[in-house]
Q: 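Below are the structure tokens for one structure; questions will follow.
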There are 2 protein chains.
Amino acid sequence: MDISAKTDYAVRALLTLADAQRTDARPVPAEVLAEQQDLPRKFLEAILADLRRAGLVTSVRGAAGGYRLARPAGQILLGAVFRAVDGPLAEVRGLRPHETAYTGAAQHLPTVWVAVRASLRRVLDEVSVEDVLSGKLPAHVRRLLAAEDAWASR
Amino acid sequence: MDISAKTDYAVRALLTLADAQRTDARPVPAEVLAEQQDLPRKFLEAILADLRRAGLVTSVRGAAGGYRLARPAGQILLGAVFRAVDGPLAEVRGLRPHETAYTGAAQHLPTVWVAVRASLRRVLDEVSVEDVLSGKLPAHVRRLLAAEDAWASR
DNA sequence: GTGAATCCTATGGGTTAAGTAGGGAATAGT
DNA sequence: ACTATTCCCTACTTAACCCATAGGATTCAC
């Protein structure tokens, strides 16, 4: 699982947007988002375009323009952000996990790939931008973090 | 999460190897593994070299040579296979999840990345080659698969 | 109309993924 | 000793992708 710079930037931009909207309803220019999280502005623009096409943000053109969350931060799931900028959560050689097929000793492998995807969904489709902003993650996610070596390398 | 062809091939080769060893102790040539799972032979050779360096298989050179599992299939975890051929399970812009650092609204983001990694570990570091071969996955993995839409796209 | 901002298309450089090619080194069977 | 088999190693290729950047066209508040 390589979380791309694109996805990382997208989440950070949305967090910054969510934070700004708590005190100010005006749209936030890409330039400001880029500054606050130290992101390359032109690249960020392309990412915001993806997020707009996916319906996660809305944009306002012209002077005093910028970006807004398309809905409350609590209703924007990280899974949606991943899919918007990087496509499906899990793929195996370009196939969706449930589309893979094998013969012989590898017969049951699709089950494993589907389980991998399901475990990603359990995190990404149940954590919202609001959750991350406030640091209050769902209980079952906190339970994952409680594993003794969750913060250690392997 | 893109599961690479390399990783896919590695797991399939190990499954085939485990299967063969249930009835025959002789080492299995790369050519045979390639045939049985329809993998490009030369590419597979490179992958088997990774697995050998990681201590997952042993090799025997010369006529009547081939590959063997370095230990019982029940003691080879998928996580080890992933790491052997593709490096760390999760990375963010080239960093390990626990090494990421952010300011401002993204403060709590490392927690999320660590949770993502933890959830992958819960599957990959608890399922062995033997489990996949027999189709008998651990209970908590089967529970993931029981989610109503585990097999559906999103 | 002017300046601020998004939107669109094109482009580039570097890295990686996936696979190929060719031959050297070891070994079992004869 | 010879031969066929098989692993081992280095180098190469080809295409795709990732991470941007450039330059302008369009929209809009004032």
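Numbers restart at 1 for each chain; the letters A, B, ... are given by sequence-line order, proteins then strands.
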Q: If the condition is salt bridge (charged side-chain N to carboxylate O under 4.0 Å, His left out), which residues does A:Glu35 pass it with, not counting sequence neighbours?
A: none
Q: Just distance, no hydrogens or angles: give the donor-acceptor pairs under 3.5 Å from side chains in residues 84-95 of chain A, sequence neighbours left out.
A:
unit_1  : atom_1 : unit_2 : atom_2 : d
A:Asp86 : OD2    : A:Ser4 : OG     : 2.6
A:Asp86 : OD2    : A:Thr7 : OG1    : 3.0
A:Arg93 : NH1    : B:Asp8 : OD2    : 2.5

Q: Considering only heavy atoms, which members of residues 9-25 of chain B lie under 4.0 Å from some atom of DNA chain D?
A: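 Residues of residues 9-25 of chain B under 4.0 Å from DNA chain D: none.
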Q: Sequence neighbours excluded, which residues qualify as salt bridge (charged side-chain N to carboxylate O under 4.0 Å, His left out) partners of A:Asp2?
A: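 Salt bridge (charged side-chain N to carboxylate O under 4.0 Å, His left out) check on A:Asp2 returns nothing, list empty.
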Q: Please work out which residues in residues 45-57 of chain A have a non-hydrogen atom less than 4.0 Å from an atom of DNA chain C and list them by number.
A: A:Glu45, A:Arg52
Q: Who pairs with A:Asp24 by salt bridge (charged side-chain N to carboxylate O under 4.0 Å, His left out), at least two apart in sequence or on another chain?
A: A:Arg26
Q: Using a 4.0 Å heavy-atom cut-off, write out nucleotides 13-18 of chain D from 5' to 3' as B (base contacted by protein), S (sugar-phosphate only) or - (no contact).
A: ------
Q: Which pairs with one or both residues in residues 26-48 of chain A pass ring pair (Phe, Tyr, Trp, His ring centres under 6.0 Å), sequence neighbours excluded?
A: A:Tyr9-A:Phe43
Q: State which residues pass salt bridge (charged side-chain N to carboxylate O under 4.0 Å, His left out) with B:Arg83; sequence neighbours excluded, sorted by chain then number.
A: B:Asp125
Q: What pairs of donor and acceptor atoms, side-chain ones from residues 59-67 of chain B against any protein atom, are under 3.5 angstrom apart with sequence neighbours left out?
A:
none

Q: Tell me every residue that passes side chain to side chain contact (heavy atoms under 4.5 Å, CB included) with A:Ala139, counting only those two or more places apart in sequence or in another chain.
A: A:Arg142, A:Arg143
Q: Reading DNA chain C from 5' to 3', where do the contacts with chain A start and stop? Cut-off is 4.0 Å to heavy atoms.
A: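 Using the under 4.0 Å cut-off, the span is C:dG3 to C:dC8.
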